[in-house]
Amino acid sequence: MSYTVAVSGASGYAGGEILRLLAQHPDVEIRTVTAHSNAGQPLALHQPHLRSLAHLTLQETTPEVLAGHDIVVLALPHGQSGVYTDVLGEVPLVIDAGADHRLTSADAWAQFYGGDFHEPWTYGVPELLVGAGRQRDKLVGATRIAAPGCNASTVSLSLVPGVAAGVIDPSDIVSVLAVGPSGAGKSLKPTLLASEILGSANPYSVGGVHRHIPEIRQALGAVTDADIRISFTPVIVPMSRGILATSTAPIAGDATDAEIRQAWEAAYADETFVQLLPEGQFPRTADILGANTALMGLAIDRAAGRVVVVTAVDNLVKGTAGAAIQSMNIALGLPEARALTVNGVAP
């Protein structure tokens, strides 16, 4: 069976990455691509690397254009998806790569985003531990999927095994992330100009105001009733894509080194796309470019009494588009890894 797909926001980075992955998917037909200000222009003008889709023209993003497909993927800025999802009730599967359907708390939405709150959808991070199971179980047969925030899923995957096993204390988490500017989208902003970021590292959303913080709390809260406090600092660095997240938390109680490492090994031993590196090894962002892989290194700092987890992901793949396609595959009963790869691009 071939599923027809429409992708909105197709001229942007996230939309382009979704299209790149779907173009290799044997079970889908990319029938429609839409945009706002770029409507009417050839897709190839904005995504010249997608040669197999060069015949497509960007259409206007309207409910009428998006309706009539088996799958609609929305790659729009926060606050814009809800306008369309409210009127796409007849579409069998809708995937929102924006933020509009991620949060379960209306108060958290009001505090960190503002505007209209929309109902939460099934969260698109299959490997996350949730209670006694995994988020994968909830994605089976899902008809509405919220793809994750790239920073949020990276930190959540980094820490949820230790929180679930009770070997780290979630009340004192510190995460610092080196982030490529593609995570901020294609909109022209002075702080994202090459002349501003080349040769520089630039912190942003410092001091507990980053919009992915409630998403991390929500994910970790699914495995613990303990208080979750996180100091979260992202830093734009001069690489087009990628996230290197260094997260630390205090060792809980008298957890041994073996018990700590076992928590992560048990969580990800059978996972294809989240891999724990051997002891003493740590990932680079260069290792995961173009891949749907989260590579993770673990250290136990006894002098500081903290566990250190370093995780690398491609923010446009495992952080966004790859997570969306992986979740789509699960929802449709297809092989989970279809059209996705663990192999990066080097050099």
Side-chain angles (χ1 to χ4, degrees), residues 78 96 98-114 117-140 142 144-177 205 207-234 243 245-253 255 260 263-264 266-268 271 274 294 296 298 306-309 311 313 318-320 323 327:
H78 78 269
D96 184 12
D100 289 24
H101 296 278
R102 292 175 190 159
L103 299 185
T104 59
S105 168
D107 290 340
W109 177 266
Q111 179 182 353
F112 285 86
Y113 289 93
F117 175 75
H118 296 277
E119 66 173 328
W121 287 357
T122 307
Y123 193 49
V125 185
E127 301 89 352
L128 270 181
L129 301 176
V130 180
R134 293 179 191 264
Q135 187 64 19
R136 176 179 290 107
D137 304 328
K138 299 186 177 184
L139 284 162
V140 175
R144 297 293 182 269
I145 297 171
C150 53
N151 297 312
S153 60
T154 305
V155 173
S156 298
L157 287 168
S158 298
L159 297 173
V160 74
V163 174
V167 297
I168 60 174
D169 177 3
S171 70
D172 184 17
I173 296 168
V174 177
S175 291
V176 179
L177 296 81
S205 296
V209 298
H210 195 282
R211 288 167 169 160
H212 288 178
I213 290 174
E215 192 176 334
I216 297 168
R217 289 181 181 146
Q218 181 174 292
L220 299 182
V223 296
T224 183
D225 293 326
D227 182 35
I228 299 168
R229 290 185 295 172
I230 178 169
S231 173
F232 178 95
T233 306
I243 296 172
T246 301
S247 301
T248 78
I251 298 168
I260 293 168
W264 275 263
Y268 298 133
E271 293 293 348
V274 182
M296 198 171 294
L298 176 71
R306 300 181 75 88
V307 174
V308 181
V309 184
T311 303
V313 306
K318 186 57 176 168
T320 306
S327 299

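One finds the OG1 atom of Thr154 at 9.5 Å from the NZ atom of Lys318 (value rounded to the nearest 0.5 Å). The OG atom of Ser156 lies 11.0 Å from the CG atom of Leu129; values are rounded to the nearest 0.5 Å. Rounding to the nearest 0.5 Å places CD1 of Ile228 at 13.0 Å from CG of Asp172. Atoms CZ and CD1, on Phe232 and Ile216 in that order, are 4.5 Å from each other to the nearest 0.5 Å. To the nearest 0.5 Å, the span separating CG on Leu159 from OG on Ser247 amounts to 4.5 Å. To the nearest 0.5 angstrom, Ile168 atom CD1 is 10.0 Å from Thr224 atom OG1.
Residues meeting the ring-ring contact (aromatic ring centres under 6.0 Å, His included) test with Tyr268, sequence neighbours left out: none. Residues satisfying the ring-ring contact (aromatic ring centres under 6.0 Å, His included) test with His212, not counting sequence neighbours, are His210.
Side-chain contact check for Ile173 versus Leu220: some heavy-atom pair is nearer than 4.5 Å. Residues Gln135 and Pro126 are not in side-chain contact: their nearest non-hydrogen atoms beyond the backbone lie 4.5 Å or more apart. Between Trp264 and Val167 the shortest side-chain heavy-atom distance falls below 4.5 Å. By the 4.5 Å heavy-atom criterion applied to side chains, Leu157 and Val313 are not counted as neighbours. The closest side-chain heavy-atom distance from Glu215 to Leu103 is below 4.5 Å.
When His78, His118, His101 are each tested for a ring pair (Phe, Tyr, Trp, His ring centres under 6.0 Å) with Tyr113, only one passes: His78.
Nearest heavy-atom pair, Ala219 versus Leu128, reported as atom, atom and distance to 0.1 Å: CB-CD1, 3.9 Å. Nearest heavy atoms, Leu139 versus Tyr123: CD2-O, 3.8 Å.
There is no side-chain donor-acceptor pair under 3.5 Å between Gln218 and Ser105.
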- Where do Asp100 and Trp109 land on the side chain to side chain contact (heavy atoms under 4.5 Å, CB included) test, with the steps shown first? CA-CA 9 Å; Asp100 289 24; Trp109 177 266; 3.8 Å; yes
_Run the side-chain hydrogen bond (donor to acceptor under 3.5 Å, both in side chains) test on Thr311 and Ser158 for me, step by step, so that the C-alpha distance in whole Å, both residues' side-chain angles and the decisive distance to 0.1 Å come before the verdict._
CA-CA 7 Å; Thr311 303; Ser158 298; 2.7 Å; yes
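Side-chain N or O atoms of Arg102 include none that pairs as donor or acceptor with a backbone N or O of Ala146 at under 3.5 Å. When atom types are taken as modelled, the side chain of Ser153 and the backbone of Cys150 share a donor-acceptor pair closer than 3.5 angstrom. Judged by distance alone, with hydrogens and angles left aside, the side-chain atoms of Glu271 form no donor-acceptor pair with the main-chain N or O of Glu127 at under 3.5 Å.
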